[in-house]
There are 2 protein chains.
Amino acid sequence: MSANSRLTIAAHALAWIGLYQRQGHEVATSEQIATSANTNPVVIRRLLGELRRAGLVESRRGVGAGWSLARELESMTLLDVYEAVEPGPLFAMHRTTPDQGCVVGHGIQPAMQSIYERIEETVRHELARVTLASVLRDVLAAPR
Amino acid sequence: MSANSRLTIAAHALAWIGLYQRQGHEVATSEQIATSANTNPVVIRRLLGELRRAGLVESRRGVGAGWSLARELESMTLLDVYEAVEPGPLFAMHRTTPDQGCVVGHGIQPAMQSIYERIEETVRHELARVTLASVLRDVLAAPR
DNA sequence: GCTGTCGTAACAATTAACGTTGCGACTGCC
DNA sequence: GGCAGTCGCAACGTTAATTGTTACGACAGC
């Protein structure tokens, strides 16, 4: 599965902003975060834009502009981030509609759909148990 | 997440073969399955080849060739199929290594890695609870 | 006005999955 | 022994999504 790294990068950005603010800074720029994540500032701005729409971060414009947290990291979970940045489901159906004249082709999609929904629900449950504050704790606890 | 449909198609193929055998046929051809799944026979052969390596199906060659189940559908779970056809993890890390000189860039990957491993474990647990026999039951129970 | 940053559009680059074609290998049947 | 049907597999084209890049206007503080 060509998994995407949107959730990883978004968590990275949030942890970075959170740590930076703890160190007394008001706002973080997309360029600073991009340097840490080794990617392009526009990629960060795009992701943070989605997080802003979800009410997780705020942005200022003008000179001295940048990003800040809209809520405490303690009150943010990976589920919040996941829902903000992940568009589609974990597992996909057929790209083309299967043969509806075939019994299997007709019944397979509803069958798999309900299974997939149950699995995604447990994934969401697990994501909801992890706060961004605990992610940052784990980040800082990594051996160097 | 650009989810792929490999698990869905593989389950489709197994259910199709299982039902076909129940109706008294010995083997199913990749072309029959491809027609039901509305795709190309080579795609089916590729997927079934992976399932064969995992010991879930067998194939014959020559005239009257085709595919048959190597085990009962009751003894096959979606986890068996998932592990046979899904190469990578559900969530990806950064595409490029983050800045190891940054505290967050250095600690983010191990932190996310352990979270992702825990989540994949619960997904595997859920997949293991679903047999292909129950998938086929659900397929046949779909309203027409 | 100048500067630094966001906001966003447009497009290129990369990657993975999927689809297609072609052909050799195998096996049962005539 | 030849024929026909199907798998096995490689090669390549197509498609779609993500990611990366460039460009430029908007905004706000100095």
Side-chain angles (χ1 to χ4, degrees), chain A residues 1-10 12-13 17 20 25-35 37-53 57-68 70 85-98, chain B residues 1-10 12-13 17 20 25-35 37-53 57-68 70 82 84-98:
Chain A
M1 159 163 310
S2 84
N4 59 20
S5 56
R6 300 166 68 82
L7 184 57
T8 303
I9 304 290
H12 185 146
I17 299 173
Y20 198 59
H25 301 92
E26 290 261 325
V27 297
T29 70
S30 62
E31 182 157 7
Q32 293 172 314
I33 302 168
T35 298
N38 197 10
T39 181
N40 191 291
V42 177
V43 173
I44 301 296
R45 290 208 286 271
R46 276 202 290 244
L47 269 175
L48 288 180
E50 299 179 47
L51 296 183
R52 183 186 45 213
R53 276 190 283 284
V57 299
E58 293 168 344
S59 65
R60 295 188 204 163
R61 305 177 71 167
V63 171
W67 303 83
S68 55
V85 303
E86 293 289 350
L90 240 37
F91 301 101
M93 286 296 142
H94 310 62
R95 317 182 83 181
T96 59
T97 307
Chain B
M1 163 160 312
S2 83
N4 58 17
S5 56
R6 300 166 68 84
L7 183 59
T8 303
I9 304 291
H12 185 145
I17 299 172
Y20 199 58
H25 301 92
E26 289 261 328
V27 297
T29 69
S30 61
E31 181 157 6
Q32 294 172 314
I33 302 168
T35 299
N38 195 10
T39 180
N40 192 290
V42 178
V43 173
I44 300 296
R45 291 209 285 271
R46 276 202 288 244
L47 269 175
L48 287 180
E50 300 180 47
L51 296 183
R52 182 184 47 212
R53 277 190 281 283
V57 300
E58 292 167 346
S59 64
R60 294 186 205 165
R61 304 176 71 166
V63 171
W67 302 83
S68 55
Y82 176 79
V85 304
E86 293 287 352
L90 240 39
F91 300 100
M93 286 297 142
H94 311 63
R95 319 182 81 181
T96 59
T97 307

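Treat the numbers as computed from the prediction; the structure is a model and nothing was measured. By convention in this document, chain letters (A, B, ...) are assigned in the order of the sequence lines, proteins followed by strands, and residues within each chain are numbered from 1. These numbers come from the heavy atoms of this one structure, side chains and all, not from hydrogens, waters or symmetry mates.
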**Asked** How long is the line joining CD1 of B:Ile9 and P of C:dA17, in whole Å?
**Response** 14 Å
**Prompt:** Taking atom C1' of D:dT19 as reference, at what distance in whole Å does atom CG of A:Asn40 sit?
**Reply:** 9 Å
**Asked** Listed by chain and number, what are the salt bridge (Lys or Arg N to Asp or Glu O under 4.0 Å) partners of B:Arg52, not counting sequence neighbours?
**Response** none
**Asked** What pair of heavy atoms forms the shortest contact from A:Pro98 to B:Asn38, and how long is it?
**Response** CA-CB, 4.0 Å
**Fill in**
From the candidates C:dA9, D:dC7, C:dC6, the one with an atom nearest any side-chain atom of B:Thr29 is D:dC7
**Message:** Please determine whether a side-chain nitrogen or oxygen atom of B:Arg45 lies at a distance below 4.0 Å from atom OP1 or OP2 of D:dC7.
**Reply:** yes
**Asked** So which heavy atom on B:Ala13 is nearest to which on B:Leu48, and how close?
**Response** CB-CD2, 4.1 Å
**Message:** Quick check against the 3.5 Å criterion: does B:Thr8 have a side-chain atom that pairs as donor or acceptor with the backbone of A:Ala92?
**Reply:** yes
**Asked** So which of residues 58-68 of chain B are in contact with DNA chain D, with a heavy-atom cut-off of under 4.0 Å?
**Response** B:Ser59, B:Arg60, B:Arg61, B:Gly62, B:Val63, B:Ala65, B:Gly66, B:Trp67
**Item:** Atom pair distance, as rounded to whole Å: CG in A:Leu47 and P in C:dC6
**Value:** 14 Å
**Asked** Once you round it to whole Å, what is the distance between P of D:dA17 and CG of A:Leu7?
**Response** 20 Å
**Prompt:** Hey, does the side chain of B:Ser30 come within less than 4.0 Å of D:dT6's phosphate (OP1/OP2), counting only N and O?
**Reply:** no
**Distance, rounded to the nearest Å, where A:Leu48 contributes CG and C:dT5 contributes P** = 15 Å
**Prompt:** Which residues pass the salt bridge (Lys or Arg N to Asp or Glu O under 4.0 Å) test with A:Arg95, sequence neighbours left out?
**Reply:** none
**Prompt:** D:dG20 base to A:Arg46 side chain: any donor-acceptor pair below 3.5 Å?
**Reply:** yes
**Request:** Round to a whole Å and report the spacing from CG of A:Leu51 to P of C:dG7.
**Result:** 12 Å
**Item:** Contact nearer the 5' end of DNA chain D, comparing B:Arg95 with B:Glu31
**Value:** B:Glu31
**Request:** Considering just the side-chain nitrogens and oxygens of B:Ser5, establish if one lies under 4.0 Å of OP1 or OP2 belonging to C:dC18.
**Result:** yes
**Request:** Would you name the heavy atoms of A:Val85 and A:Ala10 that are closest together and state the gap between them?
**Result:** CG1-CB, 4.2 Å
**Item:** Gap between atoms CD1 and P, on B:Ile44 and C:dA17 respectively (whole Å)
**Value:** 16 Å
**d(CD, A:Gln32; P, C:dG4) in whole Å** = 14 Å
**Item:** Residue pair B:Glu50 / B:Ala84: nearest heavy atoms and the distance that separates them
**Value:** OE1-O, 3.2 Å
**Message:** It should be established whether A:Thr39 places a side-chain nitrogen or oxygen under 4.0 Å from OP1 or OP2 of nucleotide D:dG20.
**Reply:** yes
**Fill in**
Closest of D:dG20, D:dT6, C:dT20 to the B:Val43 side chain is C:dT20
